[in-house]
Visitor: 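Take this structure, written in C-alpha cells, and hold onto it; I'll ask about it next.
As the structure is a computational prediction, the values presented were derived from the model and not from experiment.
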Amino acid sequence: MRKVILGIVITLIVALAGILGYLGILYVKTQEPVNPSDETVMNYTLQPGTSTKGVNRELAELGLIEHPEMANLIVKLNDWSHIQAGEYELSPSMTLEQMYQKFESGDVVEANTTKVVIPEGYDLEYIAASLSLIVDLSAEDILNEWKNIDYLKQLVNEYWFLTDDILKEGIRYPLEGYFYPATYSFLDQVYTLDEVTHLILDVTAKKLEPVKSWFDEASLNIHQVFSLASVIEGETQNVEEMPIVAGVFFNRINSGMYLQSDMTVLYALDEHNERVTEAMTKVQSPYNTYVTPGIPIGPVSSPSIEAIKAVLHPDENNYYYFIADMYGCVDGKTHFFETYEEHMKFYRNYLLPSYEAGTNVCQ
C-alpha cells in the first residue's frame, strides 16, 4: 500500500514539475517576438476603454503574440495597465514589453491622434481647458457638468475611490484630484464628455488597483488620502521626499498643529504665484490650512501615485517643519527640521534673499 501511495506521490510530483516547466517555457516564449526577423509594420488601433485582456486578444488575432492568456499574466505582473488609445505601428519582431511600452507612453501614429497632458500637481481648471477641444465644449461648460450632482452620484456608484465626501458643501470642484496625471491619446474625433471622464477615471482606477488594500489599513478615509496627497504633490516633486513630507504633516496633525501649506493658500485664492505672503495666508477658506485645522476639505490638484503611496505609507520621523531650496541656493532639495528655530535659522542664513527677490540671488 505504501509503495502504491509513494508511486502516486512521485507521479504527481513529476506531473507538477512537467506542468511548471511547460508554464515556464510558455512564460519566456510569450515575452519573445513571434518572428524576430519579420519587421513588417502593422497598424493597430487601440480603442478607448479597451482592457489589457482585450488588447492581448486583439494582438493574438493579428498574429503579434501567440499566447494571450499568458500575456495577460505577464501584463498584470508588470503592471502595464496604463495603456492609451490611439493608432500604433507594431510588428512581429517586437516583444510584448516593447508593444506595451508604446501603449503606455502613447507612442502613436501622430497624424490620427491628439495628445492631452495632465501634469502632476495641476488642477481641474487646467484639465478642463486641456480637454475642451476633445469634447467640443468650453472649459466652463465642462466644469459645470462635473458639478452636476446626478452625474456625480452616478460616478460615485461606478468607482470605489469616489465617495460621497466629494459632494460636501464647500468643495469647489468635486472631481478635483481624481483625474490621474498622465499623457492621454485621443483619436481624431469628437468625444462626449462622459466618454472622456470615464476614460480618465478608468486610468485612475488602474493606477490605484495595486494599492487598493492599503486604503483599508489607512487612518484616513479615501477622500482625505487624495486631499493630503495633492498637497504633498504641490510641496515636492521629488519622489524620495514625498514620504518624509507626509510624515511631517502627520506629525503636525497629531500634535494639533496647522499644516500651513502654501499650496492650499494658492488654491483657496485661485492663484498660481510662486510666493505666498502673510496677508494671503489669512484668507478664510476650508482649503486654507493656515486657518483651517487638519486636512483641507478636498484635493487642490491631481496627485501622482507616488504622492498617494506617501500618504498611505508615510515616513516615521520627528520633523515638524520643512522648506524647499527652490532657487538652488544650497542643493535644490527640501530640508527638514525638528524645531521652528532650526527651520528659521536655515531660512535666514541661506534662502531669505532669494525668497524675497523671487529669483536666485544666492551669495
Side-chain angles (χ1 to χ4, degrees), residues 12-120 134 180-189 191 195 199-200 202-212 239 304-306 309:
L12 290 173
I13 292 173
V14 170
L16 180 60
I19 293 172
L20 292 175
Y22 171 74
L23 291 175
I25 293 171
L26 200 62
Y27 183 86
V28 173
K29 186 173 178 58
T30 303
Q31 296 185 76
E32 297 174 343
V34 292
N35 188 343
S37 61
D38 185 356
E39 296 184 354
T40 303
V41 174
M42 304 173 65
N43 280 25
Y44 167 65
T45 300
L46 200 167
Q47 296 291 346
T50 306
S51 66
T52 54
K53 288 183 179 179
V55 169
N56 292 333
R57 182 176 62 253
E58 292 171 355
L59 293 179
E61 291 172 356
L62 291 172
L64 293 170
I65 62 173
E66 292 181 342
H67 307 285
E69 294 81 8
M70 182 57 71
N72 293 339
L73 175 62
I74 294 170
V75 168
K76 185 174 183 180
L77 290 175
N78 287 281
D79 190 27
W80 295 336
S81 57
H82 181 210
I83 55 177
Q84 303 181 48
E87 185 177 352
Y88 295 87
E89 291 184 343
L90 308 177
S91 77
S93 64
M94 295 175 66
T95 65
L96 183 68
E97 181 178 6
Q98 288 172 331
M99 286 186 275
Y100 269 87
Q101 283 177 342
K102 277 179 169 279
F103 300 154
E104 288 206 312
S105 64
D107 184 11
V108 296
V109 180
E110 297 292 341
N112 300 316
T113 60
T114 299
K115 288 186 178 182
V116 173
V117 179
I118 301 178
E120 294 89 346
I134 301 297
Y180 193 77
T183 300
Y184 294 87
S185 295
F186 297 93
L187 301 176
D188 280 347
Q189 63 187 54
Y191 292 78
E195 288 174 332
L199 187 151
I200 298 177
D202 285 346
V203 171
T204 303
K206 289 176 183 177
K207 297 301 291 188
L208 291 176
E209 189 61 33
V211 298
K212 186 176 180 181
V239 173
S304 62
I305 190 66
E306 289 78 17
K309 287 180 178 178

Visitor: Would you say the side chain of T95 lies within less than 4.5 Å of the side chain of P33, judging by non-hydrogen atoms?
Guide: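 Side-chain contact under 4.5 Å: yes.
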
Visitor: At what distance, to the nearest 0.5 angstrom, does CD of E97 lie from CD of Q31?
Guide: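 Result: 7.5 Å between the selected atoms.
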
Visitor: Taking ring pair (Phe, Tyr, Trp, His ring centres under 6.0 Å) as the test, write out the residues that go with F103, two or more places apart.
Guide: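 F103 satisfies ring pair (Phe, Tyr, Trp, His ring centres under 6.0 Å) with Y44, Y88, Y100 once adjacent residues are dropped.
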
Visitor: Got a second to check how far L96's CG is from M99's CE, nearest 0.5 Å?
Guide: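 Taking CG in L96 and CE in M99, the distance rounds to 5.5 Å.
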
Visitor: Applying side chain to side chain contact (heavy atoms under 4.5 Å, CB included), run through V116 and I134 and close with a yes or a no.
Guide: CA-CA 9 Å; V116 173; I134 301 297; 3.8 Å; yes

Visitor: Is there a donor-acceptor pair closer than 3.5 Å between any side-chain N or O of E104 and the backbone N or O of S81?
Guide: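 It does hold such a pair.
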
Visitor: Between atom OG of S51 and atom CG of N56, what is the distance when rounded to the nearest 0.5 Å?
Guide: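 Answer rounded to 0.5 Å: 8.5 Å.
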
Visitor: Can you see which heavy atom on Y191 is nearest to which on E195, and at what distance?
Guide: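 Scanning both residues, the minimum pair turns out to be CA-OE1, 3.5 Å.
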
Visitor: For D79 and E209, what are the C-alpha separation, side-chain angles and deciding distance, and is it a side chain to side chain contact (heavy atoms under 4.5 Å, CB included)?
Guide: CA-CA 10 Å; D79 190 27; E209 189 61 33; over 6 Å; no

Visitor: Given N72 and T52, is the side chain to side chain contact (heavy atoms under 4.5 Å, CB included) satisfied, shown in steps?
Guide: CA-CA 7 Å; N72 293 339; T52 54; 5.5 Å; no

Visitor: Report the residues that fulfil side chain to side chain donor-acceptor pair (under 3.5 Å) with T50, sequence neighbours left out, ordered by chain and then residue number.
Guide: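 Side chain to side chain donor-acceptor pair (under 3.5 Å) list for T50, sorted by chain: empty.
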
Visitor: Do N35 side-chain atoms and S37 backbone N/O form a donor-acceptor pair below 3.5 Å?
Guide: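 A pair under 3.5 Å: yes.
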
Visitor: Between the main-chain N or O of E87 and the side-chain N or O of T45, is there a donor-acceptor pair closer than 3.5 Å?
Guide: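 Between the backbone of E87 and the side chain of T45 there is no qualifying donor-acceptor contact (under 3.5 Å).
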
Visitor: What distance separates M70 CE from K29 NZ, expressed to the nearest 0.5 Å?
Guide: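 So the gap between those two atoms works out to 12.5 Å.
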
Visitor: For a 4.5 angstrom cut-off between non-hydrogen side-chain atoms, does T40 reach S91?
Guide: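 T40 vs S91: side chains apart.
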
Visitor: Can you confirm whether L62 sits close enough to L90 that some side-chain heavy atom of one is under 4.5 Å from a side-chain heavy atom of the other?
Guide: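 No, side chains not in contact.
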
Visitor: Once you round to the nearest 0.5 Å, how far does OG1 of T183 lie from CD1 of I118?
Guide: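 Here the rounded value is 9.0 Å.
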
Visitor: More than 12 foreign heavy atoms under 6.0 Å from CD of Q101: is that the case here?
Guide: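 Enclosed: over 12 neighbouring heavy atoms sit under 6.0 Å from CD of Q101.
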
Visitor: So does I305 get a backbone contact from the side chain of Y180, meaning a donor-acceptor N/O pair under 3.5 Å?
Guide: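 It does hold such a pair.
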
Visitor: Looking at CD1 of I65 and CD of E58, how far apart are the two atoms once the value is rounded to the nearest 0.5 Å?
Guide: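 Answer for the CD1-CD pair, I65 versus E58, is 10.5 Å.
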
Visitor: Compute whether any side-chain donor of one residue and acceptor of the other, for S105 and D107, lie under 3.5 angstrom apart.
Guide: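 Absent: no donor and acceptor within the cut-off.
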
Visitor: Is any side-chain heavy atom of W80 less than 4.5 Å from a side-chain heavy atom of I74?
Guide: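 Yes, their side chains come closer than 4.5 Å.
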
Visitor: Show your reasoning for whether side chain to side chain contact (heavy atoms under 4.5 Å, CB included) applies to L64 and M94.
Guide: CA-CA 8 Å; L64 293 170; M94 295 175 66; over 6 Å; no

Visitor: Among residues at least two apart in sequence or on other chains, which ones pass salt bridge (charged side-chain N to carboxylate O under 4.0 Å, His left out) with K207?
Guide: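 In terms of salt bridge (charged side-chain N to carboxylate O under 4.0 Å, His left out), with neighbours along the sequence ignored, K207 is linked to no residue.
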
Visitor: Kindly say whether V34 contributes a backbone atom to a donor-acceptor pair with the side chain of E66 at under 3.5 angstrom?
Guide: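 Pair absent, no side-chain N/O of E66 close to backbone of V34.
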
